[in-house]
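Counting convention: from 1, in listed order, for ligands and their atoms alike.
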Amino acid sequence: MPVINRIADFQAEMAAWRHDIHAHPETAFEERRTADIVARLLESFGIAVDRGVARTGVIGTLEGARPGGRAIALRADMDALPIAEKNGFAHASTHHGRMHACGHDGHTAMLLGAAKYLAETRNFAGTLHFIFQPAEENEGGARLMVEERVVECYPVEAVYGMHNWPGLPEGEFAIRSGPMMAAFDIFEITVEGRGAHAAMPHLGVDPVVAAAQIVGGLQTIASRNIHALDGAVVSVTQIHGGDTWNVIPDEVVLRGTTRSFDPGVRDAIEPTIRRIAEGICASLGAKMTMRYERRYPSTINSPAETEIAATTAAALVGADKVRRDMLRSMGAEDFAFFLEEMPGAYIWIGNGDGADQAMLHNPHYDFNDEILALGASYWARLAETVLEK
Ligand SMILES: [Zn+2]
Ligand SMILES: [Zn+2]
């Protein structure tokens, strides 16, 4: 694979860092051991380190050998998921019920490898910030970094992110300008009926029937209310209600998630869910309350930085190995919070497309060690290219 020779020398070291982090996964805002490893390694490379940013985050700062007033940030995420690993290899999780099933162990190792190389060579002008953020999954570690004024304290002209992508061949990248990943929100609908004996439903108001109609009704949002080419998902993922065979319960709770790219579409989904659920409940004599929480915005790459990222990747692997036509993902990514604040670009690096490739968040998933040096080389070349003078 086309990588920087000096970074290829770190391959075994990067794999060892990753395996150690993989074996000791820590979930959102609990990444103390991982953050300590990151901070110690950065310090051993001669990089200035700030710990405890957004609780368990780490930021390293490195000046180039040449003076310059410009700065960029390179970002990796460190957290694992609450999943019980089903892999049996030597570096499998030793923390029961937690697992690096999204490859953030690999992201951390790749950025550490790049930091080691860049600290040795310092072949750039200006300042590099290495952001190792906590809690990418669900809890919005990047949002907390923005709230803690990381953007003001570490001023940069752009921020770059990278995520591995199973199904994309090893040695390839994928990126697109504009929305790359979806906005992610959650909702909870509580349907209040009136409990009754199941044999005498006419004496109550059945919240199970109302909830079932709501699940069906919500399917019309993406299919009937949103432009077919805009992209939206409304998924009900939980139904809770009732305890036994012969009792109609008082209440049923529905929970789910929504995905969208366009901010206008996102704004339209919440009131539409409410209208449908309220209308169905009213028609059946039930009541409802709804909680809707906006979690992550859409990950929107800025055009100029997308070109820089794509060109950097193409210089490593060839333009034919940098896909610009991949479908956007309905998955979400909290890197979006950084991109709301400043220009930047988020790129996918192929984790491999073999038949054995498990998707992200699968209990059989593992980050591909073979791409560590390529990912680190991408980071290094990106820094050297953008901060050339
Ligand atoms: Zn994930
Ligand atoms: Zn991830």
Qualifying residue for side chain to side chain contact (heavy atoms under 4.5 Å, CB included) with Phe130, from Val38, Ile47, Ile59: Ile47
Residues Met342, Glu157; criterion side-chain contact (heavy atoms from CB on, under 4.5 Å); working and verdict: CA-CA 7 Å; Met342 65 187 111; Glu157 64 185 47; over 6 Å; no
Name of whichever N/O/S atom of His361 is nearest to the Zn ion (ligand 1): NE2
Glu137 atom (N/O/S) at minimal separation from the Zn ion (ligand 1): OE2
His104 near the Zn ion (ligand 1): N/O/S under 2.8 Å: no
Stepwise side-chain hydrogen bond (donor to acceptor under 3.5 Å, both in side chains) test for His163 and Asp77: CA-CA 9 Å; His163 206 293; Asp77 39 16; 4.7 Å; no
His107 N/O/S atom closer than 2.8 Å to the Zn ion (ligand 2): no
Full working for side-chain contact (heavy atoms from CB on, under 4.5 Å) between Tyr160 and Leu382: CA-CA 9 Å; Tyr160 294 87; Leu382 184 70; 3.4 Å; yes
The Zn ion (ligand 2) - closest N/O/S atom in His163: NE2
Phe10/Leu372 under side-chain contact (heavy atoms from CB on, under 4.5 Å): CA gap, chis, key distance, verdict: CA-CA 9 Å; Phe10 308 154; Leu372 285 167; over 6 Å; no
